A.B. asks: 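What follows is a single structure, and I will ask about it in a moment.
Positions are given from 1, in the same order as the sequence printed here. The structure displayed is predicted, hence computed values, not measured ones. Order of listing sets the numbers, starting from 1, for every ligand and every atom in it.
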Amino acid sequence: MSLVIMKFGGSSLEDDGKMKLVARKIIAKKNTYDNVVVVVSAPGDTTDNLLKMADKITSSPPGREMDMLLATGEMVSASLLAMALGSMCEKVVAMTGPQAGILANSNYTCAKIKKVNPKKIKIQLAKRNIVIVAGFQALNPRGDITTLGRGGSDLTAVALAAALKANFCEIYSDVEGVYTTDPRVVKNAKKIDYISYDEMLEMAGSGARVLQSRSVEVAKKFNIEIHSRSTFSENQGTIITSEEKIRRKKMEALLISGITFDENQVKFTIVDLPDVPGVAAKIFSRLAKIGINVDMIIQSAAVGKKNDISFTVSKRDIKKTQMELDKTAAELKDVVIVCDEHVAKVSIIGIGMKSNAGVAAQMFEILHKKGINIEMISTSEIKISCIVDELDMEKAVKELHKGFGLSKE
Ligand code: ASP
Ligand code: MG
């Protein structure tokens with residue numbers, strides 16, 4: 001029996017007209033596949049609005065009640081969409097996340113899925129019903145509702161695809177798929193036809209906001225093919241799949257698949273640190289302890305008995321990082337801390353890097369030709385990131401996009 005998961009984002013469900021359009025798309029799918037399970041996000045800005053409502057009441061809402069509140073958004077979508085399908089004479093059942101058997105831990109507002117027990121869904125599918133599941137929500141061992149973190153409906157969709165052994169998982173939004181870079185910055189950015197899980201994870205981790213990263217991790221683990229596509233067009237979107245499959249299809253191996261950028265970075269430099277074992281361990285374990293995610297780290301070669309360490313963190317962590325570093329500076333004499341808020345990260349991503357030398361050199365050359373100074377560099381097997389002045393970011397993205405042949409002819 002064939003089975004497809006269709007997940008619709010909030011912008012596809014924000015009014016009755018869009019709900020009906022979504023319903024028609026579901027019916028068309030059901031005419032081609034035996035079973036269709038639909039996962040929905042909250043309509044439009046509902047989740048943001050619910051957060052604002054809670055914020056007006058208290059600055060420290062209890063996690064349990066917060067999740068109870070947030071989960072209502074997805075229930076609105078699921079029930080209304082089921083009504084829309086029902087009014088079109090379809091057999092359909094709407095379910096909450098707990099009813100659908102999504103079981104998670106008790107980490108309110110960012111729970112992890114522990115297990116999916118899709119018994120109820122299977123019973124309804126056997127009765128030839130379309131099943132609509134409210135995304136983003138689960139049941140914890142205490143019998144309460146938890147939510148899966150922002151964008152968590154993607155995760156619900158992929159987890160259900162794995163549990164129900166779906167043929168593939170479609171994720172519908174208002175964009176046509178994954179682009180070589182943000183089309184708002186580079187007008188001739190192209191839609192990518194196929195991208196590997198690892199590239200997608202690197203893209204999501206370095207600034208692209210198409211799919212929730214955790215959902216891509218789960219898709220990779222269970223080898224679930226994701227089709228990212230638009231609700232508002234019939235065009236084929238981007239297929240996110242395994243590297244083997246992409247290679248097997250002998251897709252023309254592009255050197256670079258995508259370029260991302262992230263303005264949400266700040267650079268800290270600690271100058272004149274004593275060059276003795278344990279200093280880096282001390283600094284970074286303290287930052288880790290207070291939950292700060294450090295991205296790039298560079299340590300300069302020691303001059304005399306001193307060296308410098310620079311690293312980047314997310315803008316929202318500036319204050320916490322500064323306070324922690326001040327403590328360290330007070331302990332280690334003569335250390336100076338410098339914070340630069342005007343930086344941005346530009347990254348190039350592609351599995352083609354694995355088998356081609358000189359990609360980094362090519363990137364640096366492109367930036368150099370435009371007089372863009374590189375402040376920090378980090379690399380992984382399939383990604384090279386550079387920190388540049390934020391004023392150079394857009395130029396860097398445009399030039400790299402052109403330089404690596406991603407711009408449309
Ligand atoms: N409604 C939730 C959010 O806005 C979950 C989702 O859309 O996937 O984050
Ligand atoms: Mg959303």
A.B. asks: Hey, which atoms in ligand 1 end up nearer than 4.0 Å to a heavy atom of Ser41?
C.D. replies: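 Reading through ligand 1 atom by atom, the close ones are 6 (C), 7 (O), 8 (O).
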A.B. asks: Between Lys319 and Glu324, does any NZ, NE, NH1 or NH2 come within less than 4.0 Å of an OD or OE carboxylate oxygen?
C.D. replies: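 Not counted as a salt bridge, because no side-chain N and carboxylate O are separated by less than 4.0 Å.
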A.B. asks: Less than 4.0 angstrom from a charged side-chain N to a carboxylate O is my criterion; do Lys29 and Glu170 meet it?
C.D. replies: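 Yes.
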A.B. asks: For Glu74, counting its heavy atoms only, list the atoms of ligand 1 lying under 4.0 Å from any of them.
C.D. replies: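 So the answer, numbered in order with elements, is 1 (N), 2 (C), 5 (C), 6 (C).
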A.B. asks: Do Gly151 and ligand 1 have an N or O pair less than 3.5 Å apart?
C.D. replies: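 Such a contact does occur with ligand 1.
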A.B. asks: Return yes or no for this condition: an N or O of Thr47 is under 3.5 Å from an N or O of ligand 1.
C.D. replies: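 Yes, at least one N or O pair falls under 3.5 Å.
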A.B. asks: Short question: side chain of Lys91, backbone of Lys127 - any donor-acceptor pair under 3.5 Å?
C.D. replies: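 Yes; judged by distance alone, with no hydrogens or angles, the pair exists.
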A.B. asks: Less than 4.0 angstrom from a charged side-chain N to a carboxylate O is my criterion; do Glu243 and Arg247 meet it?
C.D. replies: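 Judged by the 4.0 Å cut-off on N to carboxylate O distance, Glu243 and Arg247 do form a salt bridge.
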A.B. asks: Please list, in number order, the atoms of ligand 1 under 4.0 Å from a heavy atom of Ser153.
C.D. replies: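 Reading through ligand 1 atom by atom, the close ones are 5 (C), 6 (C), 8 (O).
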A.B. asks: Decide whether an N or O pair under 3.5 Å exists between Lys7 and ligand 1.
C.D. replies: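 For ligand 1, there is no N or O atom that lies under 3.5 Å from one belonging to Lys7.
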A.B. asks: Relative to the heavy atoms of Arg150, which atoms of ligand 1 are at a distance of less than 4.0 Å?
C.D. replies: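 Those of ligand 1 that fall under 4.0 Å from Arg150 are 3 (C), 4 (O), 9 (O).
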A.B. asks: Under a 4.0 Å N-O cut-off, is there an ion pair linking Arg142 with Asp144?
C.D. replies: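 No, no charged N to carboxylate O under 4.0 Å.
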A.B. asks: Look at ligand 1 and say whether Gly10 reaches it with a heavy atom at a distance under 4.0 Å.
C.D. replies: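 It does not, in that no heavy atom of Gly10 comes within the 4.0 Å cut-off of ligand 1.
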A.B. asks: Using a heavy-atom cut-off of under 4.0 Å, does the side chain or the backbone of Gln212 touch ligand 1, or both, or neither?
C.D. replies: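 No part of Gln212 is near ligand 1 at this cut-off.
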A.B. asks: Between Lys267 and Glu341, is the closest basic N to carboxylate O distance under 4.0 Å?
C.D. replies: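 Lys267 and Glu341: not salt-bridged.
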A.B. asks: Please check if the side chain of Gln124 supplies one atom and the backbone of Ile121 the other of a donor-acceptor pair under 3.5 Å.
C.D. replies: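 Not at all, since once roles are kept as given, no pair shorter than 3.5 Å links the two residues.
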